[in-house]
Amino acid sequence: MYHHAFALKFHSFSPHYALSLSNFSTQSPNPLLLNFPPFARVPNLSSSVCLRCRSSAADLSPVRYADGSSSSSIGENGGIVVAEKPIDVATLGNLCVDIVLSVHELPPPTRGERKALMDELSLSPPDKKYWEAGGNCNMAIAAARLGLQCVAIGHVGDEIYGEFLLDVLHEEGIGTVALDGGTNAKDSSSYRDTLICWVLVDPLQRHGFCSRADFKEEPAFSWITDLSDEVKMAIRQSKVLFCNGYDFDDFSPSFIMSTIDYASQVGTAIFFDPGPRGKSLSKGTPDERKALAHFLRMSDVLLLTSEEAEGLTGIRNPVKAGQEILRNGKGTKWVIVKMGAKGSILVTKSSVSVAPAFKVEVIDTVGCGDSFVAAIALGYIRNMPLVNTLTIANAVGAATAMGCGAGRNVAKRQQVMDLMKASKLNDEEKFFEQLLAENPESPRINLLSKKIIKDGSSKQEIETISMEKVVSELLPELELERCCVKASS
């Protein structure tokens with residue numbers, strides 16, 4: 001979930017899809033608050049590797065090979081060459097607990113009133129039925145459910161919220177590695193507490209997010225300045241390191257830059273999604289702007305909304321914007337532009353791939369972007385055809401949108417498979433064809449079509465790939481992953 005807002009954010013949802021208010025209780029000590037019905041728990045999923053071994057509430061174990069070795073060597077140019085990377089995805093920071101409460105109305109946007117409300121909410125922990133894993137936990141959970149081996153790198157406190165977060169990740173088969181700051185950590189316990197994001201939902205299903213990061217002048221964990229040997233090992237053994245714009249609410253720009261430099265040095269692909277924080281970072285401090293520019297140059301895969309792509313380049317056409325970002329990147333391989341209900345676009349230096357979105361009844365869009373990037377990582381790691389990668393990412397994002405909330409409520413594998421079997425796509429082919437026609441210089445264009453078209457057919461130099469073909473290739477792979485997970489549990 002996107003959280004740590006630099007100002008309280010509001011997300012509107014159609015009243016047509018609003019949850020029934022009949023389950024809400026109006027009994028609350030605060031007249032602004034209602035009691036929110038608990039999210040349903042999903043069945044526990046396990047993976048073949050569990051990287052956490054805890055002796056106390058927040059003791060996080062390092063990641064190691066089965067034989068205890070690091071399987072690395074120094075390359076000719078001084079870089080570390082990794083012989084094996086057993087971890088598929090590592091997420092950096094942005095670990096928090098979302099506390100979801102219903103309110104009669106969202107609080108005023110003024111800083112003082114929001115701070116007063118948050119202080120009141122924080123006086124005593126709400127019932128656990130309102131708690132959910134948030135932030136980068138969403139991406140990690142979605143990726144683990146797709147069969148990827150995942151580890152979450154970050155800081156959680158040695159208290160009930162940290163215990164809860166670690167338990168959720170452990171139940172999903174996700175390993176954890178601590179960023180503890182070593183001797184640089186400050187003494188005050190408040191600096192070491194798990195981040196809490198208060199998610200306030202009004203009767204029209206509009207969401208407001210706020211946390212203590214909203215009221216701090218420096219990142220929440222600015223005392224974390226160095227990568228420990230354990231964290232370096234986790235990054236070194238991971239195929240992908242996922243970062244997003246909310247990492248800037250956790251860590252200093254210099255720490256973030258040194259982390260992505262290390263990932264690049266050891267051959268770990270960097271995925272970056274600036275999210276809503278991208279806009280403020282582009283107008284932030286000199287250090288923030290420098291770190292954002294560094295991300296855009298160094299990332300292997302960039303994930304942007306069409307609005308974010310336009311904001312970064314000044315180019316309205318998302319294909320042209322993606323091509324411009326590729327030209328300016330040092331090692332950027334993919335630029336993915338998310339276009340909501342229309343679908344998504346994947347731009348490389350040699351091709352443009354397009355997939356319309358799935359047609360679903362949207363209940364809640366929270367966590368959709370996190371779920372989407374999990375499937376992009378799956379396609380990247382498994383070397384799937386690009387249209388297949390977009391299709392499964394659209395399906396995972398759509399399956400999450402059909403539920404309520406994120407964390408343990410993100411898409412399950414069976415939901416994704418059911419969506420692909422139904423193959424109901426939004427009718428956006430004409431829109432994408434017109435969009436692509438504005439880019440005659442694009443080398444190769446692949447367009448997912450819900451029509452059954454023979455391989456190799458083309459229209460206006462656009463190769464159409466049938467949904468039937470894509471589904472026939474994706475379903476066996478998902479079935480195989482499901483069997484592997486069952487066998488290891």
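All residue numbers in this chain count up from 1 along the given sequence. Not measured: the values here are computed from a predicted model.
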Could you list the residues that satisfy salt bridge (Lys or Arg N to Asp or Glu O under 4.0 Å) with [X], not counting sequence neighbours?
X    : result
E324 : R327
K115 : D119
K333 : D300
D261 : none

Open item on the list: Salt bridge or not between E463 and R444? Use side-chain N to carboxylate O under 4.0 Å.
Closed with: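 Result for this pair is no, no salt bridge flagged.
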
TODO: Grab the two heavy atoms, one from C137 and one from L165, that are nearest each other, plus how far apart they are.
DONE: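 It is SG-CD1, 3.8 Å.
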
Task: Criterion side-chain hydrogen bond (donor to acceptor under 3.5 Å, both in side chains) against S344, the qualifying member of T389, T391, N394 - done: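 The passing option is N394.
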
Open item on the list: Using the side-chain hydrogen bond (donor to acceptor under 3.5 Å, both in side chains) definition, which of the options R236, K239, K85 pairs with T268?
Closed with: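 Testing each of R236, K239, K85 against T268, the sole residue satisfying side-chain hydrogen bond (donor to acceptor under 3.5 Å, both in side chains) is K85.
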
Under the rule for side chain to side chain donor-acceptor pair (under 3.5 Å), what residues qualify as partners of [X], not counting sequence neighbours?
X    : result
S423 : none
K424 : none
N426 : none
R316 : none

Task: With E288 via side chain to side chain contact (heavy atoms under 4.5 Å, CB included) - residues at least two apart - done: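 Expected list: F248, P253, R277, L281, T285.
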
Rounded at 0.5 Å granularity, tell me how far [atom1] in [X] sits from [atom2] in [Y].
X    : Y    : atom1 : atom2 : result
I87  : I381 : CD1   : CD1   : 11.0 Å
S282 : L296 : OG    : CG    : 10.0 Å
H155 : C96  : NE2   : SG    : 13.0 Å
M384 : L474 : CE    : CG    : 5.5 Å
D202 : S102 : CG    : OG    : 7.5 Å
I336 : S353 : CD1   : OG    : 10.0 Å

Between [X] (side chain only) and [Y] (backbone N and O only), is there a donor and an acceptor less than 3.5 Å apart?
X    : Y    : value
N409 : A406 : yes
N94  : D250 : no
T305 : K338 : no
S351 : T348 : no
N244 : P274 : no
T313 : A309 : yes

Open item on the list: For a side chain to side chain contact (heavy atoms under 4.5 Å, CB included) check, start with the C-alpha distance between H294 and F272, then their side-chain angles and the critical distance, and finish with the verdict.
Closed with: CA-CA 11 Å; H294 198 57; F272 179 56; over 6 Å; no

Task: I99, V100, L117 screened by side-chain contact (heavy atoms from CB on, under 4.5 Å) with L200, the one that passes - done: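 Answer to the side-chain contact (heavy atoms from CB on, under 4.5 Å) test with L200 among I99, V100, L117: L117.
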
TODO: Check ring pair (Phe, Tyr, Trp, His ring centres under 6.0 Å) between F358 and all other residues, then give those that pass, not counting sequence neighbours.
DONE: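 Once residues adjacent in sequence are excluded, F358 has no partner under the ring pair (Phe, Tyr, Trp, His ring centres under 6.0 Å) criterion.
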
Open item on the list: Please determine whether side chain to side chain contact (heavy atoms under 4.5 Å, CB included) holds for the pair I141 and I174, giving the CA-CA distance in whole Å, both sets of side-chain angles, and the decisive distance to 0.1 Å.
Closed with: CA-CA 7 Å; I141 291 172; I174 299 165; 3.8 Å; yes

TODO: Could you verify whether a donor N or O on one side chain and an acceptor N or O on the other, from S449 and T464, lie under 3.5 Å apart?
DONE: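 Not at all, the side chains of S449 and T464 share no donor-acceptor pair under 3.5 Å.
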
Open item on the list: Distance alone, cut at 3.5 Å: any donor-acceptor contact between the side chains of N388 and E473?
Closed with: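 Present: a donor and an acceptor within the cut-off.
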
- [ ] For residues 381-412, pull every pair meeting ring-ring contact (aromatic ring centres under 6.0 Å, His included), keeping only residues two or more places apart or in separate chains.
- [x]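 Sorted result for residues 381-412: empty, none.
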
- [ ] Not counting sequence neighbours, list each pair that qualifies as a ring-ring contact (aromatic ring centres under 6.0 Å, His included) and has a residue in residues 311-342.
- [x]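 Applying ring-ring contact (aromatic ring centres under 6.0 Å, His included) to every pair that reaches into residues 311-342, excluding sequence neighbours, yields W334-Y380.
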
Task: CA sep, side-chain torsions, deciding dist, call: L195, F221, side chain to side chain contact (heavy atoms under 4.5 Å, CB included) - done: CA-CA 10 Å; L195 284 177; F221 308 130; 3.8 Å; yes

